[in-house]
Novice: 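Submitted below is the structure of interest, expressed as structure tokens.
The model shown is predicted, which means the values in this text are computed figures rather than measured ones.
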Amino acid sequence: MSYPGYPPSGGYPAFPGYPPTGQESVYPPAGQYSYPAVPGGYPPAGAGTYPAAPPSAAGYPAPGGYPAPGCYPGAPQAGGMPPYPGAPTAPGFGVPPAGLGFGGYPQPPAQSYAGGGPAQIPGFPGGQAPSPMPGPPAAMVQGTQGTIQAAPNFDAGRDAEILRKAMKGFGTDEQAIINVVANRSNDQRQKIKAAFKTMYGKDLIKDLKSELSGNVEELILALFMPSTYYDAWSLRHAMKGAGTQERVLIEILCTRTNQEIQEIVKCYKSEFGRDIEQDIRADTSGHFERLLISMCQGNRDENQTVDYQKAQEDAQRLYQAGEGKLGTDESCFNMVLASRSFPQLKATVEAYSRIANRDLLSSIDREFSGNVERGLKTILQCALNRPAFFAERLYYSMKGAGTDDSTLIRIIVTRSEIDLVQIKQMFTQMYQKTLATMIASDTSGDYRRLLLAIVGQ
């Protein structure tokens with residue numbers, strides 16, 4: 001769909017250093033664009049569980065039950081199926097510590113298949129409301145919950161005044177900034193930016209950049225970006241310059257919904273003047289390139305109804321394309337995993353475990369390697385248990401020497417209004433410690449305080 005007046009003339013400049021002199025009034029607009037509810041979102045309003053499996057579906061886990069050890073959270077378990085083999089040691093896609101594999105954690109009470117991100121709201125940009133009008137917040141549609149909610153009795157002018165006072169004169173009152181930023185929704189932060197410029201004739205982002213530095217600066221600037229722009233910016237910087245951050249491409253393109261991806265692709269073009277498919281082709285190759293191009297279409301089936309017969313056929317097709325033959329038919333895996341709905345893929349995983357007597361994640365581990373393996377497994381992990389995938393990424397961003405601060409910031413910010421509550425729950429179950437505890441031990445100063453204010457205890 002197209003939006004009148006979008007993008008604004010000149011576009012949003014690339015971060016850091018936006019907006020450039022002379023364009024302060026262009027970006028960002030008052031109000032944040034939030035996604036319209038995705039048709040066929042899963043689970044539908046009033047329903048928080050998957051369709052019941054037919055009586056013959058042996059191995060289907062009982063609702064809320066704990067699957068036997070040896071599979072990813074939420075994955076089915078076939079009798080005699082070997083445990084999940086040792087996962088790659090590279091950060092972000094490994095297994096929990098203490099040899100737990102992917103087993104032993106419960107399936108979340110409600111899986112997030114529907115919306116999951118920012119949406120267009122009336123007034124963005126050009127003063128014309130997009131169509132269709134936004135539905136309820138993604139978290140409400142999904143049955144998941146963010147740690148940040150829109151503040152009641154919100155007054156953008158009052159918040160702008162607090163931020164101005166915190167930065168005026170000698171020194172900076174970082175705690176006052178944290179108190180505002182961590183307790184306002186992304187939409188409200190956009191309104192604060194507009195009010196600040198109206199009241200003081202200055203750009204809030206420039207003022208914040210002049211007062212802050214390091215990780216806390218990156219975190220606050222990420223929080224003030226409209227969510228779709230932040231995803232598009234992250235993808236651009238993952239492919240910009242020497243080297244490519246493939247894990248960032250996987251994390252964003254393999255986990256977002258159709259609506260989110262379509263908006264990201266448009267934003268990428270309008271803000272950076274580049275075609276994301278061309279950039280992907282230039283920076284990746286082979287089966288991994290094809291998987292990412294498939295993801296960029298934003299054309300996954302999002303019908304929440306599960307066709308068990310098709311799941312059985314797809315499972316048989318995948319088995320014959322991998323474990324059941326010499327060599328691997330990669331295009332078959334790409335076709336099924338890129339086009340089927342997440343609920344349908346979950347049923348396919350269950351059917352596969354009965355056919356192959358091993359789980360599909362294990363087969364992908366045996367048949368593929370490198371980035372295409374990580375991408376395919378990410379898609380399945382989101383079908384089985386999306387919060388567990390992000391919990392694992394957070395864990396490996398902090399595990400060992402050093403911290404992958406960009407990954408930590410990106411996941412905390414992008415999931416803060418969607419499903420961070422469920423991610424925290426899964427983190428505790430998977431690693432026997434709270435997310436807040438690990439953040440507190442791995443970060444320091446105002447950066448730590450702001451992260452903990454977003455995450456909560």
Novice: Arg340 and Asp307: side chain to side chain contact (heavy atoms under 4.5 Å, CB included), yes or no, with the steps?
Specialist: CA-CA 10 Å; Arg340 304 294 188 251; Asp307 182 336; over 6 Å; no

Novice: Verify salt bridge (charged side-chain N to carboxylate O under 4.0 Å, His left out) between Arg410 and Glu251, making sure each step is shown before the conclusion.
Specialist: CA-CA 10 Å; Arg410 188 175 56 254; Glu251 179 197 303; 2.9 Å; yes

Novice: Say whether Gln188 and Lys191, considering side chains only, have a donor N or O and an acceptor N or O under 3.5 Å apart.
Specialist: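 Per modelled atom types, Gln188 and Lys191 side chains form no pair under 3.5 Å.
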
Novice: Fit a plane to each ring of Phe272 and Tyr229, take the angle between them on a 0 to 90° scale, and name the class: parallel (under 30°), tilted (30 to 60°) or perpendicular (over 60°).
Specialist: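 Rings of Phe272 and Tyr229: tilted, 30 to 60°.
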
Novice: Before giving the answer on side chain to side chain contact (heavy atoms under 4.5 Å, CB included), spell out for Ile379 and Met295 the whole-Å C-alpha distance, their side-chain angles and the decisive distance to 0.1 Å.
Specialist: CA-CA 10 Å; Ile379 293 168; Met295 294 296 98; 3.9 Å; yes

Novice: Can you tell me how far apart CD1 (Ile148) and CD1 (Ile418) are? Round to the nearest 0.5 Å.
Specialist: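 Spacing of CD1 (Ile148) from CD1 (Ile418) equals 11.0 Å.
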
Novice: Look only at the side chain of Lys193 and the backbone of Phe224, and say whether a donor-acceptor pair between them is shorter than 3.5 Å.
Specialist: yes

Novice: Ignoring hydrogens and angles, tell me if any N or O in the side chain of Gln422 forms a donor-acceptor pair with the backbone of Gln145 under 3.5 Å.
Specialist: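 Checked: pair present.
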
Novice: Asn215 and Thr443: side-chain donor and acceptor closer than 3.5 Å?
Specialist: no

Novice: Less than 3.5 Å apart, any donor N or O on the side chain of Gln425 or Gln429 sitting next to an acceptor on the other?
Specialist: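 Note: Gln425 and Gln429 side chains miss the donor-acceptor criterion.
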
Novice: Could you check whether Asn186 and Tyr230, counting side-chain N and O atoms only, form a donor-acceptor pair closer than 3.5 Å?
Specialist: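 Asn186 and Tyr230 do not have a side-chain donor-acceptor pair below 3.5 Å.
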
Novice: Are Glu417 and Ser185 linked by a side-chain donor-acceptor pair shorter than 3.5 Å?
Specialist: no

Novice: Does the cation-pi check pass for Arg386 over Phe342, that is, NZ or CZ under 6.0 Å from the six-membered ring centre and within 45° of its axis?
Specialist: yes

Novice: Quick check against the 3.5 Å criterion: does Thr147 have a side-chain atom that pairs as donor or acceptor with the backbone of Val455?
Specialist: no

Novice: Given the ring of Phe154, does Arg184 sit roughly above its face, with NZ or CZ under 6.0 Å from the centre of the six-membered ring and within 45° of the axis?
Specialist: no

Novice: Donor-acceptor pair, distance only, cut-off 3.5 Å: does the side chain of Arg448 make one with the backbone of Ala440?
Specialist: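 Present.
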
Novice: So, Arg189 side chain and Leu223 main chain: donor-acceptor pair closer than 3.5 Å or not?
Specialist: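 Checked: pair present.
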
Novice: Kindly indicate whether the side chain of Arg415, heavy atoms from C-beta on, has any atom under 4.5 Å from the side chain of Leu394.
Specialist: no

Novice: Start with the C-alpha gap between Leu219 and Leu408, add the side-chain angles, then the distance that decides, and say whether side chain to side chain contact (heavy atoms under 4.5 Å, CB included) holds.
Specialist: CA-CA 9 Å; Leu219 176 54; Leu408 177 60; over 6 Å; no

Novice: Let me see the working for Trp233 and Met225 under side chain to side chain contact (heavy atoms under 4.5 Å, CB included), right down to the final yes or no.
Specialist: CA-CA 10 Å; Trp233 178 88; Met225 286 188 197; 4.2 Å; yes

Novice: Between Tyr268 and Asp279, is there a side-chain donor-acceptor contact under 3.5 Å, judged purely by atom types and distance?
Specialist: yes

Novice: Would you say the side-chain atoms of Glu302 pair up with the backbone N or O of Asn258, donor to acceptor, closer than 3.5 Å?
Specialist: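 Such a contact is found between Glu302 side chain and Asn258 backbone.
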
Novice: Which is it for Glu161 and Lys165 under the salt bridge (charged side-chain N to carboxylate O under 4.0 Å, His left out) test, yes or no, and what are the steps along the way?
Specialist: CA-CA 6 Å; Glu161 194 173 350; Lys165 184 178 179 182; over 6 Å; no

